[in-house]
Amino acid sequence: MKKYPLTAAVAAAALTTAAAPALAAPVLAAPAPAVVQTAEAKAPSPVRVVESGERVDAGRGWTVWLTAEGKHWTGPDGIENFRSVVDGNVDLSRPGVSHQSEGDAAGVFHSGLSYGTKKPGEVVLTGTDGTRTTATLLELPGRPGWGVWYAHTGPENDGGASVALYDRNGRLLAELPGWNA
């Protein structure tokens, strides 16, 4: 037969039961719940970090990549396009967003730069019909203060989508109106 040590609660209950046999069965105290400390879960970054020159499949025949000089992209036609971040046309000291788009009756590929913040939260396109599309965000390692965004929407026949850059708290940092705003 195995012997188990008595806890104080069990010993007290045994004494109470022995002293008063007419009482109901003893109630044993439940052990105190264990205190578990966990590290606060860190929210994942909404930005995908890619290496310089790493080709990213943006879907529907589009490819995007970043270099220290800026954003590069090709479409289904294979023609390479480029948007510079070093030519002096982008002020990296304040939040902003650019927008390039190409499409046809099947849909539109939108892309651009987001800049002036080291912690972008999201870029959202809003169509003239009110449809909101959240873009995918890319950035080079080291948080350079700029990145690239891209998204696909249906065809735009009446003026194009507006683009908004938000921080990770949902605060609007920069907005670019649609072409027909």
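Residue numbers start at 1 and run along the sequence shown.
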Enquirer: Answer yes or no: are there more than 12 heavy-atom neighbours, outside R168 itself, under 6.0 Å from its atom CZ?
Expert: yes
Enquirer: Taking all non-hydrogen atoms of both residues into account, name the closest pair between T133 and H152 and its distance.
Expert: CG2-O, 3.8 Å
Enquirer: Could you state whether Y166 and V163 fall into the same hydrophobic cluster, counting links through intermediate Ile, Leu, Val, Met, Phe, Trp or Tyr residues with side-chain heavy atoms under 4.5 angstrom apart?
Expert: no
Enquirer: Given 3.5 Å as the limit, does a donor-acceptor pair link the side chain of S98 with the main chain of L113, or not?
Expert: yes
Enquirer: Report yes or no: do V86 and V90 belong to one cluster of Ile/Leu/Val/Met/Phe/Trp/Tyr joined by side chain heavy-atom distances under 4.5 Å?
Expert: yes
Enquirer: Quick check: is F109 connected to L66 through a chain of hydrophobic side chains (ILVMFWY, heavy atoms under 4.5 Å apart)?
Expert: yes
Enquirer: Roughly how far, to the nearest 0.5 Å, is NZ of K119 from OG of S45?
Expert: 9.0 Å
Enquirer: Any side-chain donor paired with an acceptor under 3.5 Å for H110 and H99?
Expert: yes
Enquirer: On the 0 to 90° scale, with breaks at 30° and 60°, tag the W65-H72 ring pair as parallel, tilted or perpendicular.
Expert: parallel
Enquirer: The test is side-chain contact (heavy atoms from CB on, under 4.5 Å); show your working for Y150 and L138 and say whether it passes.
Expert: CA-CA 9 Å; Y150 66 87; L138 305 173; 3.9 Å; yes
Enquirer: Between the side chains of S111 and R83, is a donor N or O closer than 3.5 angstrom to an acceptor N or O?
Expert: no
Enquirer: When you check the side-chain N and O atoms of N89 and D87, is any donor under 3.5 Å from an acceptor?
Expert: yes
Enquirer: To the nearest 0.5 Å, how far apart are OG1 in T63 and CH2 in W73?
Expert: 13.0 Å
Enquirer: Going from CH2 on W146 to CD on E139, what distance comes out if it is rounded to the nearest 0.5 angstrom?
Expert: 9.0 Å
Enquirer: Grab the two heavy atoms, one from W149 and one from A135, that are nearest each other, plus how far apart they are.
Expert: CE3-CB, 3.7 Å
Enquirer: If you measure from the Lys or Arg side-chain nitrogens to the Asp or Glu carboxylate oxygens, is any gap between R48 and E54 under 4.0 Å?
Expert: yes
Enquirer: Quick one: are L137 and V148 in side-chain contact, heavy atoms under 4.5 Å?
Expert: no
Enquirer: Looking at every heavy atom in both S52 and A68, which two are closest together, and how far apart are they?
Expert: OG-N, 4.1 Å
Enquirer: Taking all non-hydrogen atoms of both residues, which atom of R143 and which atom of K118 are closest, and how far apart?
Expert: O-NZ, 2.9 Å
Enquirer: Taking D129 for its side chain and T131 for its backbone only, find out whether a donor-acceptor pair lies under 3.5 Å.
Expert: yes
Enquirer: Could you state whether L140 and Y115 fall into the same hydrophobic cluster, counting links through intermediate Ile, Leu, Val, Met, Phe, Trp or Tyr residues with side-chain heavy atoms under 4.5 angstrom apart?
Expert: yes
Enquirer: Looking only at non-hydrogen atoms, find the nearest pair between L125 and A151 and report the distance.
Expert: CD1-CB, 4.0 Å
Enquirer: Could you state whether V47 and V64 fall into the same hydrophobic cluster, counting links through intermediate Ile, Leu, Val, Met, Phe, Trp or Tyr residues with side-chain heavy atoms under 4.5 angstrom apart?
Expert: no
Enquirer: Supply the atom-to-atom distance T74 OG1 to E80 CD, rounded to the nearest 0.5 angstrom.
Expert: 7.5 Å
Enquirer: Check G96 against L165 and note the closest heavy-atom contact, atom names and distance.
Expert: O-CD2, 3.5 Å
Enquirer: If I take atom CD from residue E102 and atom CD1 from residue I79, how far apart are they, to the nearest 0.5 angstrom?
Expert: 8.5 Å
Enquirer: How about CD on E51, more than 12 heavy atoms from neighbouring residues, nucleotides or ligands closer than 6.0 Å, or not?
Expert: no
